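Taking it in order: structure first as structure tokens, then the write-up.
Atoms within a ligand are numbered from 1 in the order they appear, just like the ligands themselves. Please read all numbers here as calculations on a predicted model, not as lab measurements.
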Amino acid sequence: MHGTYAVIGDPVDHSLSPLIHNAAFRKLGMDCAYISFRIQGNELRDGLESLAAAKIAGFNVTIPHKVAIMDMLDDVDPECTAVGACNTVTVNAGKLKGYNTDVRGFLEPLKRHSVTLDSANTLVLGTGGAARAVVHGLASKNAKITVAGRSVQKLDDITSCTNATLNTITFDDVAKVAAKSDIIINATPIGMNNELAPVPADSIQSNATVYDIVYSPLKTRLISNALERGALVIYGYEMLLAQAALSFEIWHKTFAPYDAMKQALFGMHGP
Ligand code: NAP
């Protein structure tokens with residue numbers, strides 16, 4: 001099996017996807033490569049032509065193209081249509097088909113940690129692309145969902161992107177609602193730059209689950225607060241690896257070597 005794969009976005013320099021996928025190729029002895037390819041916001045169509053000229057066999061899509069690419073695909077998987085955002089594209093005879101592996105990539109670690117979602121009170125922080133995938137995943141498992149956002153317009157937009165009933169709150173009410181939540185999910189970038197945690201430690205119940213999808217740093221202040229309270233924590237890298245493994249399986253139709261992909265991130269002595 002051979003071919004070149006890519007992640008497109010801007011910025012993409014920091015992307016961990018090349019590290020993860022190239023480790024999987026090495027592990028399975030596949031004659032493939034995975035590169036990062038910067039495409040600026042207003043150059044997506046030209047960028048896709050460059051990918052075709054370079055015979056890229058499949059690619060991941062990240063900020064800022066996850067929604068814009070939807071109009072440029074020949075075919076779209078139903079889950080991708082439902083979320084309205086695409087993070088994985090297959091290329092077959094020049095035809096592009098879009099998938100969204102963030103939804104199942106988000107759900108998979110919850111399943112692995114045996115977290116019950118049915119009727120659980122969940123609090124999702126954020127209204128962006130990742131929050132949409134999170135909301136779709138939670139709704140598919142019949143969770144009760146409250147979304148916190150800082151823009152009333154974006155709270156309305158996320159409410160209308162799903163058939164599920166969502167409660168919406170502003171960040172002023174996060175501490176109060178978090179205290180009554182079984183599962184708290186951070187789907188904002190808060191924590192990437194050592195900011196204060198979006199949920200204070202004393203609003204986290206010891207029997208709650210705290211899932212921070214931020215993966216760099218590994219231990220955000222929110223995760224530290226949750227550990228201090230004795231809550232179950234799910235790290236952003238777990239979703240990162242799960243969505244990467246799902247993309248890998250869509251392209252290569254074979255199981256992704258999860259442990260080798262994880263080892264590429266953390267070495268032998270990872271978490
Ligand atoms: P996005 O589309 O830009 O959305 C970001 C969201 O966070 C928006 O709702 C934004 O609000 C909100 N936000 C940003 N800064 C905030 C602040 N200081 N206070 C309150 N709200 C704030 O980004 P995204 O694609 O959803 O990604 C969000 C984060 O998830 C990123 O850190 C990304 O790396 C991470 N992520 C991780 C994985 C994984 O596999 N682990 C997958 C996808 C994304 P406004 O709209 O009002 O600005």
Sub-6.0 Å ring centroid separation between Phe59 and Phe37: no
Close aromatic pair by centroid cut-off 6.0 Å: His113 and Tyr211: no
Which residues, ordered by chain and number, are linked to Ile250 in its hydrophobic cluster, where ILVMFWY side chains connect at heavy-atom gaps below 4.5 Å, directly or through other members? Tyr99
Going by the rule salt bridge (charged side-chain N to carboxylate O under 4.0 Å, His left out), which residues pair with Asp212 if we only count those two or more places apart in sequence or in a different chain? none
Got the residues with a heavy atom under 4.0 Å of ligand 1, by chain and number? Ile63, Gly126, Thr127, Gly128, Gly129, Ala130, Arg150, Lys154, Phe171, Ala187, Thr188, Pro189, Ile190, Met192, Ile213, Val214, Tyr215, Gly236, Met239, Leu240, Gln243
List the steps, then state whether side-chain contact (heavy atoms from CB on, under 4.5 Å) holds for Asn121 with Lys180. CA-CA 8 Å; Asn121 287 312; Lys180 293 181 187 148; 6.0 Å; no
Ring pair (Phe, Tyr, Trp, His ring centres under 6.0 Å) filter on His136, not counting sequence neighbours, yields none
